[in-house]
Structure formats: structure tokens, C-alpha cells
Amino acid sequence: MILGCHADAADRPNILFIAVDDLRPELGCYGSPIAVTPHLDALAADGLLFNRAYCQQAICRPSRASLMTGARPETTGLFHNYVSLRELQPDIVTLPQHLIANGYETVYMGKIFHQGDNDEENSWSREPVGRLAGIKKPTHGFALPENQRIQAEDRREMIAKYGEAAKRGLASGPAYECADVPDHAYGDGYETLRAIATLKEMARKPDQPFFLALGFKRPHLNWVAPKKYWDMYDPSQIPMATNDAAPQDGAAMGLHASFELRTRAGIPKSGPLGSELSRTLKHAYLACVSYVDAQVGKMIAALEEEGLRENTIIVVWGDHGWHLGDMGVWGKATNYEIATRVPLMIWTPDMKTRGAKTDALVELVDIYPSLCELAGVSVPDHVEGHSFVPLLNTPHQKWKSAVFSQYPNPAMREWAANPLSPAMRETWFGPLITEVEQRVKEQQSEHWNRELFEQHLMGYAMRTDRYRFVVWKDHRQPDAVPVFVELFDHQSDPQESVNIAADNPDLVDSLTKQLNAGWEAAL
């Protein structure tokens, strides 16, 4: 049920809602020694940066559905990318839908919900500007003809062999591209220009607040960015992952085989990537981060040029993290810190504390109730987050005791979190899948059951001030004894390199009780 208004719509602030895909906290304001991100750094320096913000599942659709509805994956029922929100939750009220009911005009450009799940009918009240005079819309993910050709050839070959399954990412072209082209030659630059044009139109209605959502697809694969952003980095100076091994005594099913990256042309289908390629890939990721940072700068500058900055809330969030060789993995889709921790920052016109960083534990599911409070509207009853608005003025106060994430068995799932398809097993990934599966079988011999491990095994993760705790168990039986438990002490082991669960049974028992008590008990 959508609840009533608390204030006249004309008095409410605008909201600029910026999403970034696959962005881990690899930003200057988060302490990255290499990332060139002046615009996001400037926003953080005048707003509030959350040092310890976490997604609810480290994959696109479930994470975004959770954020946009204020409901956790166990409530939405979304655990992979191939089921839609409205298919499972036809009546749930999204954040923009709730704002429409409270007098807002809402619009989006780029990726906010996951592709195919944009909720056009319910969540958006207007169309964005469709065409930009004199600027051609990008029609391909790559700017260079040779990369377009490679991708097309790969797709033809894979579709001929595997049919519809090939369209789920089995042929994606090269992993990266450096082209000497303008920003708008790629989608993120083009969508930024559309967002600016749309902002100018919305500014003509000063008595109606707006919720303008701009979603960037980079630094999601493929890592394509104009050459000038690549040129911001000296490859020899890029620091690589220092912990490139799986956790000692960790869950064999806790990590995957970097399938998402390995589908790309030119990437080894098994084995290590090699130091030179690894460095190039991280360079590509960083170039995309700087490219997105520049677009954020353009959007905020446009807000200021329209005279709207002083009545607009700005929030920037990433949907999940990304392993860049950390733990030997390239990709998202794990229950570990590197995949679940996300960048999150907010700026409001009247916040009392500026340039602060808070170590309070917060979650993406908290954004919905926080923006409701800042906008002066009620919070729907279904929302399972907790408003972090008090932190804007008192960022170091006592806060949540824990935050929660989950992910189904990464080792035996595709990169979209769906179970491994027959087509995946038939490709060049077949031997790699067998190798990964064998490791799980050897470790979990007494618990091994193919249906359980492929279809129903869920990792439930809890992050407290000091510990990361992951419990692996049958999703169908919440009270069942876990098949495996992981415990990492961030005080002595911030890279989560050693699972200490076996040596700390009393602590495991205490944390299990806390995990079972759930998010409501953590407030």
C-alpha cells in the first residue's frame, strides 16, 4: 500500500539518483592509490561517504531489485538474473513508484533496474529525451570495426552451436577496447547527454520535484572507454591484487572460475590469465571508472547550471563489488568482502556534516527508506531497510550491529547466478567445470548431493564490525545444519585469507545465533 503525503510536493527536494554497474570502491575517495576520480572525490568531500556499505546479493538483477523495492532477496525471491521482478512480485511498490504517488516526476536513462526489468508501467512517469541533435546514438558496444567483427563472428558460431543459450553471454567479443573516440561514442556518455537534456526539460516545471535516475553500465564488462581515460594511467604503476589465492580452509564452493570474463575473446578458457593480461585488464577497468567519473561530473555541472543543485539530493551507489584477481577470481558473484562491499555516497543541501566518512554498517536496501525520509514521504510497510539519514548529521554514532548478503553456490552457477546450463557444460568450459566440481566433491564428500549443490545451496553472509561469517546450507530448509561455515577476522585478516571457523566453535555458535536472528535484530 502506498501511504499518504507528509508535505506539499512543491516543497520537496529533487533527487539525482546515480547507479554504477560492477563498481567496487576503487575510487580516490575510498583510498585507491591509482584511481583518477576527481568528480566523485569532490562529491564525497562535500557530502557523506559510507566506508562500509554492502549489497544484498553480488549480482545485478537481485541487487537492483532489492534496492529499488527496499526488500531483501529472500522477500523478492530473486536470486539470479533470469527472472523478472514483476513475475515474482507483481504488486510490490518500488521507490520511484512510491515517489510518483507523492507528487514526483520520475525518469531514467541507462541501467537502473536490470535489463528487461525496467518496470516502465509502474516506476516511471515520463520518457527521457529521445534524440540529441547532431549526435548519433551508439548502436554497438564496440567502437572499433575489428572488435565489432570479432563479436559478430563469435555470436554466429555460438548461436549455431547452442541456440538460444548462446545469447546469455557465451559470445561477447573482446573484454576491452581503447578507441580514440568522444565520450558519447559509447553508451554511458550518450546516456549522460540524454540525462542532461531531460534535466533541462524538467527544470521548466519548478513546482514539481523530480527523481532523475542515471545508470552507468561501465565498469561492467566489456571494459570499453575512450582512449583519453586509458591515458590517465601508467600501466607499470597499477598495483595488482596482493591476495590472489583462495582462502585457506575456505569453502570450495565459495569461489567461481571467472566464467563471465572467460567468455570474452582472447581470454584463456582455463588456468591463470598471466601477469601481462591481468595488468591490461585492471588498466581497462580503471579507464572505465575514470570514464564514468567524468560523466558524473558533467551531470552535476548541469544540475548547477540549471540552478537546481541547492534543492537536489545526490546519491551515488554501486550494485556490487568486483574481484580484480583478488582470491584468484575475476568477477563479482561471491559472498566475500570484495564482492559485497560497494561505494555509496550522498549529498544533501542541508546536511550538517560535510566531507565526513562513516564506518557505520549500511546496506543498499537502506537507500529506499532514507530517500523517503529526506523527501518527506512515508515509508511503505514492506520496506526492510533502515534509514541512514541520522548519519548525515552524526556520522560516527552507534549503528547497525550487522549487515547481510547472500549468494547461491558460485562454483556451480553461471555468472548470472543461474545453475549451470547444458550448453555451458558442452563448451570449452566443460573441463574447467569438472575441475571445479571435483574440488567441491572432495571437500564436501559427506554432504555431496548434486541436486542440493547445483540447485539449492545458498551461502548466507553476515558482516559485523569485526567478522565476516558465511553459512552454507540448503535454501529449502532454513533450520538445517549447515554443510560448511566460514569465519574471517577483519581485525587481523582484512583480506579474508584464512577461515578460522574450525578453531573458534564458541564464536561460530554466537554468530550463528546472530545470523539466524536476522536483519531486524541488528538494528
Side-chain angles (χ1 to χ4, degrees), residues 5 7-21 39-40 43 64 68 94-113 115 117-139 182-218 291-317 346-349 367 371-372 374-377:
C5 306
D8 292 334
D11 297 328
R12 295 196 175 115
N14 304 310
I15 301 171
L16 176 58
F17 186 79
I18 298 176
V20 190
D21 205 350
H39 303 288
L40 287 166
L43 182 65
R64 290 165 182 263
M68 296 297 286
T94 69
L95 172 60
Q97 183 180 0
H98 186 54
L99 291 175
I100 291 170
N102 284 277
Y104 274 78
E105 185 171 40
T106 67
V107 65
Y108 82 97
M109 281 71 48
K111 184 178 178 181
I112 299 300
F113 289 96
Q115 293 101 319
D117 209 14
N118 292 322
D119 201 37
E120 306 277 4
E121 182 178 345
N122 300 294
S123 293
W124 311 106
S125 63
R126 64 157 288 164
E127 294 285 336
V129 169
R131 295 185 179 181
L132 300 171
I135 298 177
K136 183 180 178 181
K137 180 180 179 179
T139 57
D183 287 8
H184 60 258
Y186 294 119
D188 286 341
Y190 183 81
E191 293 300 321
T192 300
L193 295 182
R194 288 181 72 210
I196 291 171
T198 303
L199 174 71
K200 292 179 183 295
E201 287 190 357
M202 297 172 85
R204 298 172 192 161
K205 296 190 289 184
D207 293 332
Q208 183 173 31
F210 62 75
F211 176 85
L212 189 156
L214 174 57
F216 298 111
K217 292 185 178 180
R218 307 283 80 82
Y291 171 48
V292 166
D293 177 79
Q295 309 319 304
V296 172
K298 292 176 183 178
M299 195 68 225
I300 294 176
L303 195 69
E304 293 172 345
E305 290 169 8
E306 293 300 317
L308 297 170
R309 176 73 183 264
E310 293 307 315
N311 190 38
T312 301
I313 296 161
I314 304 171
V315 59
V316 178
W317 53 273
I346 189 168
W347 183 96
T348 73
I367 291 177
L371 291 180
C372 285
L374 289 167
V377 305

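All values below were derived from every heavy atom in this structure, side-chain atoms included, with hydrogens, water molecules and symmetry-related copies excluded. This is a predicted model, so every value here is computed, not measured.
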Evaluation steps, side-chain contact (heavy atoms from CB on, under 4.5 Å), between R309 and W347: CA-CA 10 Å; R309 176 73 183 264; W347 183 96; 3.5 Å; yes
Parallel, tilted or perpendicular: rings of W124 and F211 (30°, 60°): parallel
Neighbour count >12 (heavy atoms, 6.0 Å) for atom CD, E121: no
Spacing of CG belonging to L308 relative to CE belonging to M202, to within rounding of 0.5 Å: 10.0 Å
Atom of R131, atom of V129 and distance for their closest heavy-atom approach: O-CG1, 3.4 Å
Any I196 side-chain heavy atom under 4.5 Å of K200 side chain: yes
Sidechain-backbone polar pair: D119 side chain, F113 backbone, donor-acceptor under 3.5 Å: no
Spacing of E105 atom CD and L99 atom CG [to the nearest 0.5 Å]: 12.5 Å
Audit row: R12, N102, side-chain contact (heavy atoms from CB on, under 4.5 Å) steps and yes/no: CA-CA 10 Å; R12 295 196 175 115; N102 284 277; 3.9 Å; yes
Atom pair CG (L212) and CG (L199), whose distance is rounded to the nearest 0.5 Å: 6.0 Å
Side-chain heavy-atom pair L303, I314 within 4.5 angstrom cut-off: yes
Atom pair CE/NE2 of M68 and H98 - distance to nearest 0.5 Å: 13.0 Å
Candidate pair D21 and R64, rule side-chain contact (heavy atoms from CB on, under 4.5 Å), full reasoning: CA-CA 10 Å; D21 205 350; R64 290 165 182 263; 3.5 Å; yes
Worked verdict on E201 versus R126 for side-chain contact (heavy atoms from CB on, under 4.5 Å): CA-CA 11 Å; E201 287 190 357; R126 64 157 288 164; 2.7 Å; yes
Distance-minimising heavy-atom pair for E306 and A203: OE1-CB, 3.7 Å
Over all atoms of both residues, closest heavy-atom pair of L95 and C372: CD1-SG, 4.4 Å
Over all atoms of both residues, closest heavy-atom pair of P96 and S123: CB-O, 3.1 Å
Spacing of L193 atom CG and M109 atom CE [to the nearest 0.5 Å]: 11.0 Å
Approximate separation, where rounding is to 0.5 Å, of F210 CZ and T106 OG1: 12.0 Å
Non-hydrogen atoms of A195 and M299 that approach each other most closely: CB-SD, 3.6 Å
Check: Y291 side chain, G189 main-chain N or O, donor-acceptor pair, under 3.5 Å: yes
Which atom of G187 lies closest to which atom of P138, heavy atoms considered: N-CG, 4.1 Å
E120 versus Y108, side-chain donor and acceptor atoms under 3.5 Å: yes
Beyond-backbone contact of D183 with T192, side-chain heavy atoms, under 4.5 angstrom: no
I346, V315, I15 screened by side-chain contact (heavy atoms from CB on, under 4.5 Å) with L374, the one that passes: I346
